[in-house]
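Sequence lines set the chain letters: A, B, ... in the order given, protein chains first and strands last, and positions in each chain run from 1.
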Amino acid sequence: MAPNFITEIIERDLQSGKYPQVVTRFPPEPSGYAHLGHIFASFLDFQTAAQYGGRYHLRMDDTNPELATQEYADAIADDLRWLGWDWGEHLYYASDHFEQYYAYAEQLVGQGDAYVDSVTGDEMARLRGDARTPGTPSPYRSRTPEENLDLLRRMRAGEFADGAHVLRAKIDLGSPNMKLRDPVLYRILRGHHYRAGDAWCIYPMYDFQHPLQDALEGVTHSMCSLEFVDNRAIYDWLMERLGFSPRPHQYEFGRRGLEYTITSKRKLRKLVEAGAVHGWDDPRMPTLRAQRRLGVTPEAVRAFAAQIGVSRTNRTVDLSVYENAVRSDLNHRAPRVMAVLDPLPVTLENLDGPQTLSLPYWPFDVVRDSPDGLVALPTGERVAPEVAVRDVPLTRELVIERDDFNPEPPKGFKRLTPGGTVRLRGAGIIRADRFDVDDSGQVTRVYATLLGEDARAGGVIHWVSAEQGVPAEFRLYDRLFRVPNPEAATPEDAQAEPIAPDFDPEEIGHEDETKPLDAGFMAFLNPDSLRVTRGLVEPSVTRDPAGTRYQFERQGYFWRDPVDSREDALVFGRIITLKDAWAKATQKAEAPAKAPKPAKVQSQKTEPTEKAAPAALTPEQEAEVTRLTALGVPDAEARTLARDAALLAFLGGAAQDGTFAQVASWTANDLAPGLRAGEVRVQAADLAPLAALLSDKKVTTRVARDVLTRAAQTGEAPAAMVERENLAGGLSDEALSAAIAQVMADHTDKVDAYRAGKTALLGFFTGQVMRATGGKADPATLNTSLQAALNG
RNA sequence: AGGGAUAUGGUGUAAUGGCAGCACAACAGAUUUUGGAUCUGUUUGUCUAGGUUCGAAUCCUAGUAUCCCUGCCA
């Protein structure tokens, strides 16, 4: 896992000793199958823990009795194990801890932090208010802890009907964060739970259960997707009220979608139910089970997950990133053999008896690049390249790919043409002498002559003995959808704009089952997502292990379908095609008009020609601007200050002398966010001496700013800090020269690059010298001296 | 509308005030008994406008765009 904002946090926490080791968890709801969208979240959770020598847990978030099933739980665990994860004994079911959650609920009630509400759901929604209006208390909000405890116990005991009461946290009905308006903690629900049975008739909500379970398991870093940022406030509230220490913290990451792929559980189900695919493990599906059956390896999936980075933005990843991961994994794993998917008979008229050729499994470059000099047999055994061979029968009657013979070849065609030559892979060069056609004009047979090795040919094609080749069915999969964004609202959007992935990468079952399903995506199905052909494969494969993945030369990577292939009726599925430069070239020639993706940001960029007008100021603010500019404050800063009461209040304490403009500048540019948050501890009056030091050139801008930042945190007077740390006074010329010389000596390569013309490096050197001198170097003199030194 | 989050080439991601880098894609060439692989090279980028600074992708202000929140789902 490449460094990202989460690993950064973890490293800091480990460094500071906040936690002895990192503990993470992947918490799927077992209400569906894991798919490619989920591997990202699981990879992030598991890999970061593994990377930092920590522990990772698999946790079934199965608190909703209506959705979770053991079958899904087992399937998810199975798929994740296949991916290579091993959580040891750390498999948890949230439902195993209902008793503990309940105990904490009683504690909250006892503390007065939770109450039993008895209004209807509709009423509760009404009372919650909306973004504009704060919520109003339910009439039951003021029940006493004793009353609430009694009610809660009776809820548990089953004295009330479903929905009659809920337990709510007593937080803040006026909060602009809707999640904090007294979230529901428990609901009454008589559903049979697949694990807990009928032991409970009240079930905890996510916002209560999830933080608790994190804490109970000793999780340190609890990662979830971006839509839970608002929920973090509840998380932190609970941890604080219940006094967990050390406690877990929640961090949110952006989701990752994949082009040409849908990941909504309901839509996937629709595909299955409509017969568009043959089941949840149809190799065209994005589920992990389907990708397993397709023949993708766990290593490839993990490589893919590692490649798409982590950030705090939802993104859609280019399909080619996945395809590339699959291909490059298979390139070094799959021995090469030959199969003809769409056979055209060829008679080698000058070949008398059958021959047996010994052909290598691997091309020269795989052999050459092998780290240990060995290569694999289909069994997996690694042997010397000379013995990594198989017998291939060459007979008078062959088949070649129908595509590889063309009576009317297009320009650039490098295969067989009437009278032309081509090399049969491993067998020699042939010339096509004549061919038969049927009534419809289709070529039915080519008659060819095997030439000597002195013949020349422009291309190489694959072939199989018609007499000894083994019949097989080939399933050629292609992407399920024709458009990059099948879940988009309109055809135009579907063609171009990547949209945010419509799934929850972590909570597998998260989906509103009550909303109508937009089935528009069905119109984007690719009618050619599965093509079935019958052909011949070379006989060597019948001796190989069933799980062998091959490259059928020039065709792609294949393996036996693990469900349908039988020894006497082989079925090979195509895992992925090879890259096909020829197909791309011909396609381009045929359809040159196909426009590239419209650039998405371009439209935004050109739009604001009007020049967005900054929000107008009130007359009072305008007056403030006039007053500030009169004191020497530049207009832009004056406007910033004028519109913010917190900044003005701070500035009110500033000395109105020659230092005022500088103090105002700091206020607007450096202190503003801190002032609004009420975190600035320094007084404006204390800034004047620092400004004076700066204008007298006793300190550099950089030192001044550094001091200011620290003073804002500590509250110490900046001038006192300058005094104490001896920051005033410039740098002697000797010291500056020495620093420059030292930096140049430390970075001779950069010096060379600079002298070779890379003048952008000047900033680099400036930065290095600044760092070396603690910011005390005067920028102007530094720059002239530095340039002189570099050019000299 | 109120609150929150985000914005770097075609795509994804680095750069934590100082060299805009990497991967995929694309294009060109070399090489090749796979129109594969490999190697070399090239093109393309900091949302907009102001400001602070010797220096801004990074800090400040405003704007724009996208997403999330107002379930007794997770």
Can you check the A:Y206 OH to B:rC72 C1' distance for me, whole Å? 17 Å
Atom pair distance, as rounded to whole Å: NE2 in A:H38 and P in B:rA74: 16 Å
Would you say A:T120 and A:D122 are linked by a side-chain donor-acceptor pair, where the criterion is simply a distance under 3.5 Å? no
A:R554 side chain: which of B:rA25, B:rU13, B:rU34 is closest? B:rU34
Closest to the A:W582 side chain, choosing from B:rC72, B:rG35, B:rC54: B:rG35
Is there a side-chain contact between A:S311 and the phosphate of B:rU13, meaning an N or O under 4.0 Å from OP1 or OP2? yes
Can you tell me the base-pairing partner of B:rG21? Count Watson-Crick or G-U wobble geometry only, both distances below 3.5 Å, and say none if there is no partner. B:rU13
Whole angstrom value for the distance that separates P of B:rU8 from CZ of A:R312: 15 Å
Please answer whether B:rG18 and A:F764 are stacked, defined here as ring centres separated by less than 5.5 Å and planes angled under 30°. no
Counting any heavy atom closer than 4.0 Å, what does A:N64 reach on the DNA or RNA strands: base, sugar-phosphate only, or nothing? sugar-phosphate
How is A:P634 classified with respect to the nucleic acid when contacts are heavy atoms under 4.0 Å: base, sugar-phosphate, or nothing? nothing
Side chain of A:R256, heavy atoms from C-beta onward: which of B:rG12, B:rG51, B:rU34 has the nearest atom to it? B:rG12
What's the CG-P distance between A:D670 and B:rU61, to the nearest Å? 11 Å
Euclidean distance, atom CZ of residue A:F304 to atom P of B:rA23 [Å, nearest integer]: 18 Å
Toward the 5' end of RNA chain B, by each residue's nearest nucleotide, A:R705 or A:R187: A:R705
Expected list for residues 122-131 of chain A near RNA chain B, using heavy atoms below 4.0 Å, is A:M124, A:R128, A:G129, A:D130, A:A131
Base-pairing mate for B:rU58 - Watson-Crick or G-U, with both contacts under 3.5 Å: none
Please state the C1' separation for the pair B:rG41 and B:rC47 - nearest whole angstrom. 32 Å
Looking at B:rG36, does its base get a donor-acceptor pair with the side chain of A:D580 below 3.5 Å? no
Starting at atom CZ of A:F253, determine the distance to atom P of B:rU13, rounded to an integer number of angstrom. 13 Å
Using heavy atoms and a sub-4.0 Å distance, could you list which residues of residues 177-186 of chain A are near RNA chain B? By number, please. A:M178, A:K179, A:V184
Taking the six-membered ring where the residue is Trp, are the ring centres of A:Y206 and A:F228 under 6.0 Å apart? yes
Does the side chain of A:T133 get closer than 4.0 angstrom to OP1 or OP2 of B:rG2 through an N or O atom? no
Does B:rC54 have OP1 or OP2 under 4.0 Å away from a side-chain N or O of A:T701? yes
To the nearest angstrom, the CD-P distance between A:Q307 and B:rA25 comes to 10 Å
Between A:V366 and A:G767, which has a closest nucleotide on RNA chain B that is more 5'? A:G767
A:R415 and A:D403: salt bridge (Lys or Arg N to Asp or Glu O under 4.0 Å), yes or no, with the steps? CA-CA 9 Å; A:R415 312 172 192 179; A:D403 282 353; 5.1 Å; no
So, is A:N669 near the phosphate of B:rU53, with a side-chain N or O under 4.0 Å from OP1 or OP2? no
Answer yes or no: does a side-chain N or O of A:R315 lie under 4.0 Å from OP1 or OP2 of B:rU8? yes
Of the nucleotides B:rU34, B:rA1, B:rU32, which has the atom closest to the A:R425 side chain? B:rU34
Starting from C1' on B:rG35, measure out to NZ on A:K414 and report it in whole angstrom. 5 Å
It should be established whether A:K579 places a side-chain nitrogen or oxygen under 4.0 Å from OP1 or OP2 of nucleotide B:rG35. no
Applying the Watson-Crick and G-U wobble criteria at under 3.5 Å, what pairs with B:rU40? Answer none if nothing qualifies. B:rA28
